[in-house]
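Letters A, B, ... are given to chains in the order of the sequence lines, protein chains preceding strands, and every chain is numbered from 1. From a predicted model like this one, the values you see are computed outputs, not experimental measurements.
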Amino acid sequence: MRVATWNVNSIRARLPRLIAWLEAQEPDVVCLQETKCVDDEFPWDALSELGYEAVHHGQKTYNGVAILSKTPIEDVFRGFPDDAEDEQRRVIGGTIGGIQFLDLYVVNGEKVGSEKYERKLIWLERLVDFLASYYDLGTPLVVLGDFNITRDDRDVYDPERFRDKILCSGPEREFLEAILELGFVDLVREHYPQGGLYTWFDFRTRGFERGQGLRIDHVLATPPAARACVEVEVDLTERGQEKPSDHAPVIVTFDA
DNA sequence: ATGGTAGTTGTACTA
């Protein structure tokens with residue numbers, strides 16, 4: 001089973017690329033972030049024509065997550081189960097082929113010390129509580145998506161430039177570590193311990209053209225899922241296409 | 001310390 005995560009930065013703007021990428025890569029499961037649309041604008045038919053069933057938790061203009069799958073998606077839930085408000089749609093979960101998936105678009109946080117940053121930390125605390133209380137972490141579970149956090153300096157092209165800045169600050173990284181301490185394996189790190197493999201490149205600084213990126217998209221797996229992982233790839237070719245997202249897809253392969 | 005681009009939107013906001 002080939003499983004991908006990709007922040008598409010608007011599924012409507014990215015639809016031509018998404019279709020070409022699905023045809024080329026033929027992943028079985030795709031977790032998307034930043035769909036930036038409501039259900040009525042979601043490209044159900046185009047995805048169905050490619051053989052994908054989809055579940056979506058979207059909103060106008062911002063956020064939005066979706067799971068695409070060639071086989072049935074079961075036990076779907078949208079948002080944290082205890083979130084009555086759910087104004088920012090950042091979470092969707094489901095089970096495919098006996099593996100549970102949790103697709104996340106973590107709050108960006110704008111700038112360390114800002115109000116959005118404080119909301120990011122509160123959101124992350126809630127995520128850790130949710131993972132610890134909702135799941136049996138001895139079962140196959142993959143938590144993946146745009147975490148908007150670098151794990152450590154190996155994930156930063158210029159660590160000094162980003163020292164204690166947003167996406168790299170200590171408190172953010174501590175929440176990512178807290179998730180890993182629950183027993184998750186960071187699959188990209190496991191396969192590329194040397195670092196220097198990035199998933200996001202800032203449009204503003206022409207980061208991709210300069211090789212200046214960050215690894216902020218992650219695939220975290222519980223031990224039974226991690227043991228089945230045989231291959232990990234960041235699709236930098238996609239990031240170099242015309243009209244790309246600012247994020248590259250991350251693809252992992254699980255042996256059946 | 002700041003800005004740069006992109007998407008959606010509507011003449012600002014988020015990333």
Next item on the list: Hey, could you give me each pair passing salt bridge (charged side-chain N to carboxylate O under 4.0 Å, His left out) that has a residue in residues 171-192 of chain A? Not counting sequence neighbours.
Entry: A:Lys120-A:Glu172, A:Arg151-A:Glu177, A:Arg151-A:Asp186, A:Asp152-A:Arg189, A:Asp153-A:Arg173, A:Asp155-A:Arg189, A:Asp186-A:Arg215

Note to self: Over all strands shown, is A:Phe201 touching base, sugar-phosphate only, or nothing at heavy-atom distances under 4.0 angstrom?
What the structure shows: nothing

Notebook entry, point to check: Which value, in whole Å, describes the distance between the P atoms of nucleotides B:dG3 and B:dA12?
Noted result: 16 Å

Item checked: Polar side chain donor-acceptor pair, A:Asn9 to A:Ser245, under 3.5 angstrom -> no

Note to self: For A:Tyr105 and A:Arg161, find the nucleotide of DNA chain B closest to each by heavy atoms; which residue's nucleotide sits nearer the 5' end?
What the structure shows: A:Arg161

Next item on the list: Name the residue closer to the 5' end of DNA chain B, choosing between A:Thr61 and A:Arg119 according to the nucleotide with the nearest heavy atom.
Entry: A:Thr61

Next item on the list: Name the first nucleotide and the last nucleotide along DNA chain B (5' to 3') that come under 4.0 Å of a heavy atom in chain A.
Entry: B:dG3 to B:dA15

Check: So what does A:Thr205 touch, heavy atoms closer than 4.0 Å: a base, only the sugar-phosphate, or nothing?
Finding: base

Check: Charged N to carboxylate O below 4.0 Å: is that the case for A:Arg12 and A:Glu41?
Finding: yes

Checklist line | Salt-bridge criterion met for A:Arg126 and A:Asp82 (N-O under 4.0 Å) | finding: yes

Item checked: Residues A:Glu34 and A:Asn7: side-chain donor-acceptor under 3.5 angstrom -> yes

Next item on the list: Can you tell me, in whole Å, how much space there is between the P of B:dG10 and that of B:dT14?
Entry: 14 Å

Item checked: Members of residues 6-14 of chain A that approach DNA chain B, where some heavy atom sits under 4.0 Å away -> A:Asn9, A:Ser10, A:Ala13, A:Arg14

Check: If you measure from the P atom in B:dT2 to the same atom in B:dT8, how many Å do you get, rounded?
Finding: 29 Å

Next item on the list: Sticking with atom C1', work out how far B:dA1 lies from B:dC13, rounded to a whole angstrom.
Entry: 22 Å

Next item on the list: Check whether the side chains of A:Tyr135 and A:Thr222 place a donor and an acceptor atom closer than 3.5 Å, and report yes or no.
Entry: no

Check: Do A:His57 and A:Asp103 have side-chain N/O donor and acceptor atoms under 3.5 Å apart?
Finding: no

Notebook entry, point to check: With a 3.5 Å cut-off and no angle check, do the side chains of A:Gln100 and A:Thr139 form a donor-acceptor pair?
Noted result: yes

Notebook entry, point to check: Take atom CD in A:Glu115; do more than 12 heavy atoms of anything else shown fall under 6.0 Å from it?
Noted result: no

